[in-house]
Amino acid sequence: MRDGPLCGHRASHRHRGESVSEQVESLIRKDYSAGFHTQIESDTLRPGLDEDVIRFISAKKEEPQWLLEWRLKAFRAWQEMEEPTWAHVSYPLVDFQALSYYSAPRSMANKPKSLDEVDPELLATYAKLGIPLHEQEALAGVAVDAVFDSVSVVTTYRAKLEEVGVIFCPISEAVHRFPELVKKYLGSVVPQKDNFYAALNSAVFSDGSFVYIPKGVRCPMELSTYFRINEVKTGQFERTLIVADEGSHVSYLEGCTAPMRDENQLHAAVVELVALDDAQIKYSTVQNWYPGDKEGKGGIYNFVTKRGVCHRNARISWTQVETGSAITWKYPSCILKGDNSVGEFYSVALTNNLQQADTGTKMIHLGKNTRSTIVAKGISAGRSQSAYRGLVRINAGAEGARNYTQCDSLLIGDRCGAHTFPYIESRNASAVIEHEATTSKVSDDQLFLCQQRGLDAEKAVSMIVNGFCREVFKELPMEFAVEAGKLLEVSLEGSVG
Amino acid sequence: MKQAASMLEIRNLSARVEGNDILRQLTLSIRPGEVHAIMGPNGAGKSTLGNVLAGRPGYEVTGGEVLFQGKDLLAMEIEERAREGVFLAFQYPVEIPGVSNMEFLKAAVDARRRHRGESELSSFDFMKLARDAAKRVSLDQAFLKRGVNEGFSGGEKKRNEIMQMMLLEPSLCILDETDSGLDIDALQVVAAGVNAMRDGQRSFIVVTHYQRLLDYIVPDHVHVLAAGRIARSGGKELALELEAKGYSWLEDEGV
Ligand SMILES: Nc1ncnc2c1ncn2[C@@H]1O[C@H](COP(=O)(O)OP(=O)(O)O)[C@@H](O)[C@H]1O
Ligand SMILES: [Mg+2]
């Protein structure tokens with residue numbers, strides 16, 4: 001970590017906790033409830049990746065020529081790039097030729113016009129996951145785009161949103177209906193060659209959500225996308241683009257699950273956010289991809305690039321609760337380009353058994369009086385490894401920039417690890433950067449206190465962990481804060497015996 | 001329900017901590033409604049006794065038996081003992097950051113109620129009870145919202161313990177040096193709380209170093225714990241004698 005004399009960096013380290021009882025040792029993940037597979041006929045492309053595959057995907061979606069060229073450019077760049085190895089994770093290199101890059105339920109081939117035409121099996125899948133897609137049953141005030149393998153199945157409440165000019169649709173459709181917007185902003189925040197996985201995504205992305213909020217509009221509902229991987233030996237490469245025009249507000253949530261499988265599956269998404277002057281985007285993620293079994297077999301490789309750009313007085317807030325995936329590699333970031341813009345990152349990353357997570361954020365301060373806040377909570381249990389990696393960069397022109405970073409790790413048992421890699425680069429003497437980090441354990445004493453008051457050990461651990469995450473949970477939209485709490489509880493179930 | 005003739009029956013209890021024998025064949029009998037004070041020099045094993053009764057991991061019972069309301073206490077899990085009505089007010093209450101006192105207490109009260117076959121309380125009803133209990137130990141309502149013991153002063157932590165005790169309505173309350181570090185006002189608050197809970201059925205074990213507390217919580221019996229067993233028992237006047245003479249005279253007498 002660099003903390004030059006100019007950047008006003010303060011560090012404080014506090015260690016808390018004592019030996020953890022053997023009780024906490026035996027972490028067993030209860031059945032992953034989203035781990036079922038839907039029996040459905042799918043058109044799945046042969047495994048392998050070459051220019052023909054990219055032409056196939058592009059043709060399947062009847063894309064304009066410019067987009068095909070755009071994909072091919074990304075693919076050519078990707079071929080020259082190396083898989084990154086700097087993250088604190090280890091896994092055998094992915095065989096990109098063994099994966100299939102496109103899979104869609106056959107019933108989606110003739111593009112159902114309404115919910116009545118959608119295969120009931122698909123609707124049943126989402127209902128089973130707790131995401132009813134019939135508007136009358138759906139969570140009030142939340143519009144959902146449901147993405148199944150490589151295609152969007154349905155997007156709810158579209159008519160209602162279009163009344164106020166809000167566009168919420170699959171990106172494959174936006175390419176046709178709003179080509180100007182897509183062409184202008186696609187790749188504007190995460191360029192094709194940004195990194196290895198972003199380049200791969202740019203070449204083969206299948207579907208994802210597109211959001212546009214017009215000037216001055218406060219989006220009347222929560223928008224959300226639910227990603228489901230179903231088919232075997234496929235990767236999911238979705239692409240999300242959210243543009244909030246001047247003075248607009250939107251809150252967006254994504255959720256993800258996948259069946260339990262012995263093979264690892266790849267998920268390499270790109271999310272781009274554009275907050276124009278005075279706009280606000282709140283982006284929340286509850287990530288519960290299949291984490292693999294207790295021995296570390298199977299699970300999703302979650303290699304994701306998420307970035308937003310803030311123009312003048314704009315605010316982007318990333319909140320993430322990461323409990324799934326065998327490996328998580330993601331750094332939702334903010335480029336604070338406009339003066340007085342604000343970036344926030346609130347994160348809970350829980351790893352259990354043999355999961356590995358390397359996650360954090362980058363806050364790039366370019367404009368004057370830009371502010372950023374980072375609150376990262378890492379919870380490690382079992383034999384898992386969790387790392388926080390964060391960069392705060394203050395450019396020379398960022399007069400009066402401020403950052404506050406708080407990075408807390410909680411260990412459960414003594415076979416897991418937590419690591420922090422904070423990087424600070426300040427080129428402006430007026431910047432104020434504060435960094436605090438703590439490491440603590442669920443102590444015997446805390447557990448005993450809870451049990452002495454009549455709570456069982458499992459309830460005690462989940463309560464202690466939820467307490468630890470409180471500052472992050474309070475940033476989530478209400479309905480999802482409760483869900484997130486429950487998810488942690490399930491992920492830790494059986495953690496004490 | 002028929003009241004058991006005995007609240008707690010400890011017979012020849014021996015226990016070991018980290019390989020050292022701490023309790024040596026300790027015997028003690030407590031009837032419903034009684035208050036027993038336990039005094040004794042530092043390191044005598046007073047906290048160990050409370051911890052063994054509550055089932056704290058690391059405290060190994062090497063002999064003897066304990067009957068709580070006629071049931072084999074040592075065979076029960078920690079939380080089961082608690083739900084059956086054993087409460088330990090800690091000498092050093094720990095913090096649980098981010099978990100509100102309210103949430104923690106509701107979970108505890110609900111666990112106890114479920115165990116008794118009663119329904120869980122509504123949040124509204126619980127809130128009323130909790131507010132009332134806070135008032136009785138002179139803790140501001142704000143403490144209910146704060147993290148469990150998070151940033152509480154020593155005195156506030158002890159009052160918080162008594163508040164928990166009031167809400168959980170245990171049958172046997174073990175107070176481990178609840179008076180240490182309290183100023184006289186806080187001491188009176190704690191004593192008033194305990195006295196209000198004396199109802200002729202509920203029993204108390206009050207571990208203390210000082211006679212002072214026993215001016216406010218008047219015990220039925222006073223015991224001196226030394227070298228892992230009850231070295232002497234008496235009425236409340238024994239506490240005064242100990243205050244005047246210290247503990248060394250007990251050793252001189254060869255007990
Ligand atoms: N958790 C523990 N680990 C190691 N030794 C302990 C522990 N608890 C108590 N002891 C030891 O047991 C003896 C009795 O301690 P304790 O019961 O705390 O005495 P008291 O409360 O009467 O002062 C002391 O020698 C103490 O060091
Ligand atoms: Mg003691």
Side-chain angles (χ1 to χ4, degrees), chain A residues 14-26 346 348 375 377 379 406 408-410 412 436 438-475 481-482 484-485 488-489 496-497, chain B residues 18 50-51 53-59 76-116 145-150 157 160-161 163-165 167-170 173-174 176:
Chain A
R14 195 166 82 226
H15 286 269
R16 203 167 39 210
E18 319 173 359
S19 78
V20 164
S21 72
E22 295 94 349
Q23 289 190 66
V24 197
E25 286 269 309
S26 53
Y346 299 97
V348 165
V375 177
K377 305 270 180 179
I379 302 139
Q406 182 190 329
D408 300 323
S409 308
L410 182 70
I412 303 177
E436 286 185 36
T438 66
T439 300
S440 54
K441 286 189 165 194
V442 173
S443 73
D444 280 344
D445 290 351
Q446 289 172 327
L447 260 185
F448 181 60
L449 166 61
C450 294
Q451 288 177 277
Q452 211 301 307
R453 299 300 184 250
L455 308 183
D456 59 50
E458 270 183 13
K459 172 79 185 162
V461 169
S462 91
M463 195 177 241
I464 293 166
V465 170
N466 267 292
F468 175 75
C469 301
R470 193 190 191 112
E471 286 159 280
V472 174
F473 285 176
K474 74 175 171 29
E475 297 296 328
V482 179
L488 279 198
E489 199 157 328
V496 283
Chain B
E18 298 204 332
N51 284 323
L53 293 176
R56 191 174 199 134
Y59 291 75
M76 298 180 201
E77 299 291 336
I78 308 169
E79 57 269 29
E80 205 181 339
R81 299 178 196 206
R83 293 171 195 166
E84 284 283 325
V86 174
F87 182 95
L88 174 63
F90 290 94
Q91 186 171 358
Y92 305 107
V94 290
E95 302 190 0
I96 309 182
V99 176
S100 79
N101 232 346
M102 190 73 115
E103 178 191 359
F104 176 71
L105 285 168
K106 173 125 184 4
V109 168
D110 284 341
R112 173 117 165 89
R113 290 179 65 91
R114 278 195 306 271
H115 185 71
R116 290 182 183 169
K145 295 212 177 113
R146 282 170 59 176
V148 177
N149 294 321
E150 196 179 354
K157 283 182 183 169
N160 197 31
E161 294 289 289
M163 180 175 77
Q164 294 173 27
M165 190 167 91
L167 286 168
L168 287 167
E169 303 181 327
C173 307
I174 306 166
D176 192 357

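Protein chains get the first letters and strands the later ones, always in sequence-line order, with residue 1 at the start of each.
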**Student:** Please step through side-chain contact (heavy atoms from CB on, under 4.5 Å) for the pair A:Asp445 and B:Glu95, ending with a clear verdict.
**Tutor:** CA-CA 9 Å; A:Asp445 290 351; B:Glu95 302 190 0; over 6 Å; no

**Student:** Measure B:Glu77 against the heavy atoms of chain A and call it side chain, backbone, both or neither at under 4.5 Å.
**Tutor:**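 Nothing of B:Glu77, per the 4.5 Å heavy-atom cut-off to chain A.
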
**Student:** Measure the spacing between CZ of B:Arg83 and CZ of A:Arg453 and express it to the nearest 0.5 Å.
**Tutor:**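 Result: 14.0 Å between the selected atoms.
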
**Student:** Find out whether A:Cys450 and B:Ile96 are in side-chain contact, i.e. whether some heavy atom of one side chain is under 4.5 Å from a heavy atom of the other.
**Tutor:**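 They are in side-chain contact.
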
**Student:** Side chain, backbone, both or neither: which part of B:Val109 has an atom under 4.5 Å from a heavy atom of chain A?
**Tutor:**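 Neither part; nothing is under 4.5 Å.
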
**Student:** Taking every non-hydrogen pair under 4.5 Å, which of A:Arg470, A:Gln452, A:Met463 racks up the most with chain B?
**Tutor:**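 Most heavy-atom pairs under 4.5 Å with chain B: A:Gln452.
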
**Student:** Taking side chain as C-beta onward, heavy atoms only, is B:Pro97 less than 4.5 Å from A:Gln446?
**Tutor:**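 Yes, side chains in contact.
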
**Student:** Indicate the atoms forming the closest heavy-atom contact of A:Gly454 with B:Ala82, along with that distance.
**Tutor:**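 Scanning both residues, the minimum pair turns out to be N-CB, 3.5 Å.
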
**Student:** If you take all heavy atoms of A:Leu455 and B:Ala111, which pair is closest and at what distance?
**Tutor:**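 Heavy atoms of A:Leu455 and B:Ala111 come nearest at CD2-CB, 4.5 Å.
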
**Student:** Name the region of B:Arg56, side chain, backbone, both or neither, that has any atom closer than 4.5 Å to a heavy atom of chain A.
**Tutor:**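 For B:Arg56, heavy atoms of backbone and side chain both lie under 4.5 Å from chain A.
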
**Student:** Is any side-chain heavy atom of A:Phe448 less than 4.5 Å from a side-chain heavy atom of B:Val94?
**Tutor:**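 No - every pair of side-chain heavy atoms lies 4.5 Å or more apart.
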
**Student:** With chain A, which of B:His115, B:Arg112, B:Arg114, B:Glu103 has the greatest number of heavy-atom pairs at distances under 4.5 Å?
**Tutor:**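 If we count pairs closer than 4.5 Å to chain A, B:Glu103 comes out on top.
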
**Student:** Checking heavy atoms, do the side chain of B:Tyr92, its backbone, both or neither come under 4.5 Å from chain A?
**Tutor:**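 No part of B:Tyr92 comes within 4.5 Å of chain A.
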
